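Just below is one structure, and these are the notes that go with it.
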Amino acid sequence: MARKRKRSLLEQVINSPAEKEQSTSPKLTKYWLQRYDLFSRYDEGIQMDEEGWYSVTPEKIAVKQAERCRGKVVIDCFSGVGGNTIQFAKVCSSVIAIDIDPVKVEMAINNAMVYGVDDRVDYVVGDFIHLAPSLKGDVLFLSPPWGGPMYNKVEIYTLDMLQPKDGYKLFQIAQTITPNIIMFLPRNVDLAQLEELAWLSSPPLTLVIEENCVGGRIKGITAYFSCSAV
Ligand code: ADP
């Protein structure tokens, strides 16, 4: 009897979504081990797909990025499974979260519900590039596709490697909405190119660069562009 109960408990663990994801895709194990760095409330029903594991911003970093946008209207342009969106929703006046993938948006809504902030976000399924002319907000947050985990195979990550448009084009589109632009980029991004984006703008923008670490490791670079303090 006791053995039977133990087996059914084991089956429950193996069949839980997190264990299933890990067992069906061993290459995700590295990310799965960091699940609480990504979402501290992971065990309360967070949903992720494979792309989500690679691209979600670790929670501590998302908290810091959101803090600079306190009280503002923020547009999260490539929101994915919603790690940033949740933190923006906690401190900003409102959030528009955009992703081209409806499955990601479903997961983002679920994840915002886990954190109790779903009612503070307007979700849009769509292509940021196409939606840009109709968007209005105080701050634009860009965490565009870096090109998967291959980004750190190069010594210097140049802005033309960003997707779905190169970084210069993305920045140009972003500037039609607001000069207050935040970009979350690979740790090996070309800093000279970021400076160039700031001083080539008219009028030139202020640029603050932040190195984002989790567990003593650099996870990315956040570039804060603004015409005044964001
Ligand atoms: P990474 O290369 O960093 O892993 P992803 O390929 O996961 O990034 O992309 C990040 C998110 O951006 C994904 O959720 C994806 O659906 C979304 N995305 C990609 N292109 C667009 C777009 N044109 N407009 C809005 N969201 C997009």
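Model, not experiment: these values are computed from the prediction. Note that ligands are numbered from 1 as they come in the structure, with each ligand's atoms numbered from 1 the same way.
Checked against the 6.0 Å centroid criterion, the rings of Y31 and W53 do not qualify as a close aromatic pair. Aromatic pair F225/F171: ring centres closer than 6.0 Å. Outside the 6.0 Å centre-distance limit, the rings of W32 and Y42 are not counted as a close aromatic pair.
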Is there any protein N/O under 3.5 Å from an N/O of ligand 1, and what does the full list of such pairs look like?
{"residue": "ligand 1", "atom": "2 (O)", "partner": "W146", "partner atom": "N", "Å": "3.0"}
{"residue": "ligand 1", "atom": "2 (O)", "partner": "G147", "partner atom": "N", "Å": "2.9"}
{"residue": "ligand 1", "atom": "2 (O)", "partner": "G148", "partner atom": "N", "Å": "2.8"}
{"residue": "ligand 1", "atom": "3 (O)", "partner": "W146", "partner atom": "N", "Å": "3.1"}
{"residue": "ligand 1", "atom": "7 (O)", "partner": "S55", "partner atom": "OG", "Å": "3.1"}
{"residue": "ligand 1", "atom": "14 (O)", "partner": "D99", "partner atom": "OD1", "Å": "3.3"}
{"residue": "ligand 1", "atom": "14 (O)", "partner": "D99", "partner atom": "OD2", "Å": "2.6"}
{"residue": "ligand 1", "atom": "16 (O)", "partner": "D99", "partner atom": "OD1", "Å": "2.6"}
{"residue": "ligand 1", "atom": "23 (N)", "partner": "D127", "partner atom": "OD1", "Å": "2.9"}
{"residue": "ligand 1", "atom": "24 (N)", "partner": "F128", "partner atom": "N", "Å": "3.0"}
{"residue": "ligand 1", "atom": "26 (N)", "partner": "I100", "partner atom": "N", "Å": "3.2"}

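Take E44 and apply the salt bridge (Lys or Arg N to Asp or Glu O under 4.0 Å) test, not counting sequence neighbours, and it matches R41.
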Show me the side-chain donor-acceptor pairs of residues 82-95 shorter than 3.5 Å, one per line, residues at least two apart or across chains.
{"residue": "N84", "atom": "OD1", "partner": "T57", "partner atom": "OG1", "Å": "2.6"}
{"residue": "N84", "atom": "ND2", "partner": "Q65", "partner atom": "OE1", "Å": "2.8"}
{"residue": "T85", "atom": "OG1", "partner": "D76", "partner atom": "OD2", "Å": "2.7"}

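The other members of the hydrophobic cluster of L200, by chain and number, are W199 (side-chain heavy atoms under 4.5 Å, ILVMFWY only).
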